[in-house]
Amino acid sequence: MKSGRGLRTSIFVIVAAITLIGAAIAPHSAPEANAAKKELKVNIAINGSLNIFSIIKEKGLLNDVLKQHNATVSWSEFVGGPPILESLAAKRVDISVLGDGAALQGLSAGLPFSSIGLVSDGSRLNSILVAPDSGIKSVKDLKGKTVALAKGTTSHVFLVKVLAKNGLKEKDLKIVNLPLPEAQSAFQGGKVDAWATIDPYTTQLTLQKKARSIAGAEQSIPAPITLIARNAFAKANPELVTEILKVYKEAVDWQNTHVDEAAQLFADQKKIPKAVVKSLLSNQKAKLSPITKDIISTQQASADYLYNSKFLKKKVNYSSSVNNTFVTKALAP
């Protein structure tokens, strides 16, 4: 017969063994439970001054959705699309908005993202500005002149298309590559003859009689602006992406029905006169919809043109980058 000590030792060994076996076969072991509860971070990039994501951030509209998915959001702000592409390549951007120039440039470079919703056809977004007293009266007068723009942006694409309509090419101009804030300083300081830019700069400067547009909405050149998602993030978190688009639509509806309040929000955030912002929001209503066949055709035509003009290094098949799955679910009744 075993001694008391031996019996206690045997019982301890048996209990320990059962405990180890139980831990091995338990469906929700501690490490797995901790992994399941691991917090997810969503990287959202705000592109430009007057952006729906600014409303979402300011009003905390994503809070409930993030809590449900055990997620947090990391916000970043950019003055244009090209730097967003750099962060996207480094996996520091999961969701954002891109104009046509940056989107096509990114796809040509092989960046892994999809266009998941249309937020504007962009037909009223771009303009070419000159000083009020400038002798430049038309696009054809730009030949030999110095023009500021941010290369790779929607304004760059707009300029290329407008020049083509008027029998000119980029090489006929002196292009100065400047980000929007620096370009504004150069333009208002008289260091360049013209500036290819976007709103709110156009509306603000023309209302203040500090600039005159020689090409804008009357050119009828669409410049689609789309929501984009990094493919790996969207594949791993499809429900969260859909919920984010639902919140985006909520913010779109709020802006369109609370123009005065939205104008004040942006005016406070971006230090732009409220009257300018209100004029802009009234003129360009926000939206969210699937990416239509017409938009796909527009983007493909732009991609082909930019490839033939050697702006893009590789051909783009735009339709292969479109994924309307999330927006269709988000907008379903």
Side-chain angles (χ1 to χ4, degrees), residues 38-107 109-120 122 153-154 224-255 269 286-291 295 299 318 320-332:
K38 184 178 179 181
E39 191 173 76
L40 171 68
K41 184 171 75 170
V42 186
N43 298 296
I44 300 181
I46 299 174
N47 183 0
S49 297
L50 309 184
N51 192 295
I52 289 294
F53 278 125
S54 293
I55 293 176
I56 294 173
K57 177 184 178 183
E58 181 71 20
K59 297 179 74 65
L61 299 181
L62 272 179
N63 293 350
D64 290 342
V65 168
L66 294 172
K67 180 182 271 188
Q68 292 170 12
H69 289 266
N70 193 33
T72 59
V73 61
S74 175
W75 297 99
S76 55
E77 297 194 30
F78 298 83
V79 295
I84 289 179
L85 296 180
E86 295 178 12
S87 289
L88 186 66
K91 300 180 182 180
R92 293 195 299 268
V93 170
D94 299 315
I95 303 283
S96 191
V97 172
L98 289 179
D100 55 347
L104 296 175
Q105 188 178 15
L107 293 172
L111 295 184
F113 69 89
S114 296
S115 299
I116 61 171
L118 179 70
V119 299
S120 174
T153 63
T154 184
I225 304 171
T226 55
L227 277 163
I228 62 100
R230 188 168 60 84
N231 290 338
F233 178 85
K235 184 178 181 180
N237 307 281
E239 292 183 2
L240 179 54
V241 173
T242 298
E243 291 299 320
I244 290 173
L245 292 193
K246 287 181 180 180
V247 171
Y248 191 95
K249 179 61 165 60
E250 178 187 344
V252 164
D253 293 341
W254 180 85
Q255 177 178 294
Q269 278 188 344
K287 66 180 289 184
L288 175 62
S289 71
I291 298 168
I295 293 298
Q299 293 286 67
Y318 185 74
S320 66
S321 75
V322 174
N323 184 351
N324 281 323
T325 303
F326 305 108
V327 70
T328 300
K329 289 181 179 179
L331 298 178

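For the single chain, residues carry numbers from 1 onward in sequence order.
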Note to self: Please determine whether a side-chain nitrogen of the Lys or Arg among Lys59 and Glu250 lies less than 4.0 Å from a carboxylate oxygen of the Asp or Glu.
What the structure shows: no
Check: Heavy-atom distance under 4.5 Å between the side chains of Leu98 and Phe113, does that happen here?
Finding: yes
Checklist line | Side-chain heavy atoms of Pro290 within contact of Leu331, under 4.5 Å | finding: yes
Next item on the list: Check whether any side-chain heavy atom of Lys249 lies under 4.5 Å from a side-chain heavy atom of Leu245, and answer yes or no.
Entry: no
Notebook entry, point to check: Side-chain donor-acceptor pair under 3.5 Å between Asn47 and Ser96, yes or no?
Noted result: no
Check: Can you list every pair that meets salt bridge (charged side-chain N to carboxylate O under 4.0 Å, His left out) and has a residue in residues 89-106, with sequence neighbours left out?
Finding: Asp94-Arg230
Check: Quick one: CG on Leu62 to NZ on Lys57, what's the gap to the nearest 0.5 Å?
Finding: 12.0 Å
Check: So, do Ile116 and Asn324 sit near enough that their side-chain heavy atoms are less than 4.5 Å apart?
Finding: no
Checklist line | Interatomic distance, Thr242 atom OG1 to Phe326 atom CZ [nearest 0.5 angstrom] | finding: 6.0 Å
Item checked: More than 12 heavy atoms of other groups within 6.0 Å of Asp64 CG -> no
Margin query: Please check: side-chain N/O of Ser87 versus main-chain N/O of Ile84, any donor-acceptor pairing under 3.5 Å?
Written below: no
Checklist line | Atom pair OG/CD1 of Ser115 and Ile291 - distance to nearest 0.5 Å | finding: 4.5 Å
Margin query: So, taking the atom named NZ in Lys67 and the one named CG in Asn70, what distance separates them when rounded to the nearest 0.5 Å?
Written below: 11.0 Å
Note to self: Please find the pair of heavy atoms, one from Leu288 and one from Gly117, that lie closest to each other, and give the distance.
What the structure shows: CD1-CA, 4.4 Å
Next item on the list: Could you tell me which non-hydrogen atom of Lys41 sits nearest to which non-hydrogen atom of Phe233, and how far apart they are?
Entry: O-CE1, 4.2 Å
Item checked: Pairwise ring pair (Phe, Tyr, Trp, His ring centres under 6.0 Å) hits with a residue in residues 54-102, at least two apart -> none
Item checked: Pairwise side-chain contact, Asn43 with Ile95, heavy-atom cut-off 4.5 Å (strictly under) -> no
Notebook entry, point to check: Between atom CD1 of Ile295 and atom CG of Leu118, what is the distance when rounded to the nearest 0.5 Å?
Noted result: 5.0 Å
Margin query: Rounded to the nearest 0.5 Å, what separates atom CD1 in Ile244 from atom CD1 in Ile56?
Written below: 8.5 Å
Notebook entry, point to check: Under 3.5 Å, is there a donor-acceptor pair between the side chain of Asn237 and the main chain of Ala234?
Noted result: no
Next item on the list: Specify the closest pair of heavy atoms between Gln255 and Ala286, including all atoms of both residues, with the distance to one decimal.
Entry: NE2-CB, 3.5 Å
Check: Does some side-chain heavy atom of Leu111 sit less than 4.5 Å from a side-chain heavy atom of Leu85?
Finding: yes
Note to self: Quick one: does any side-chain atom of Thr226 pair with a main-chain N or O of Ile228 as donor and acceptor, under 3.5 Å?
What the structure shows: no
Note to self: Within the 4.5 Å heavy-atom criterion, are Leu66 and Val42 side-chain neighbours or not?
What the structure shows: yes
Next item on the list: May I ask you to decide if Leu50's main-chain N or O and Ser54's side chain share a donor-acceptor pair within less than 3.5 Å?
Entry: no
Checklist line | Pairing residues for Tyr248 by the ring-ring contact (aromatic ring centres under 6.0 Å, His included) criterion, not counting sequence neighbours | finding: Phe53
Notebook entry, point to check: Taking the side chain as C-beta and beyond, is there a heavy-atom pair between Val327 and Ser289 under 4.5 Å?
Noted result: no
Next item on the list: Apply side-chain contact (heavy atoms from CB on, under 4.5 Å) to Val119 and Ile52, showing your working.
Entry: CA-CA 10 Å; Val119 299; Ile52 289 294; over 6 Å; no
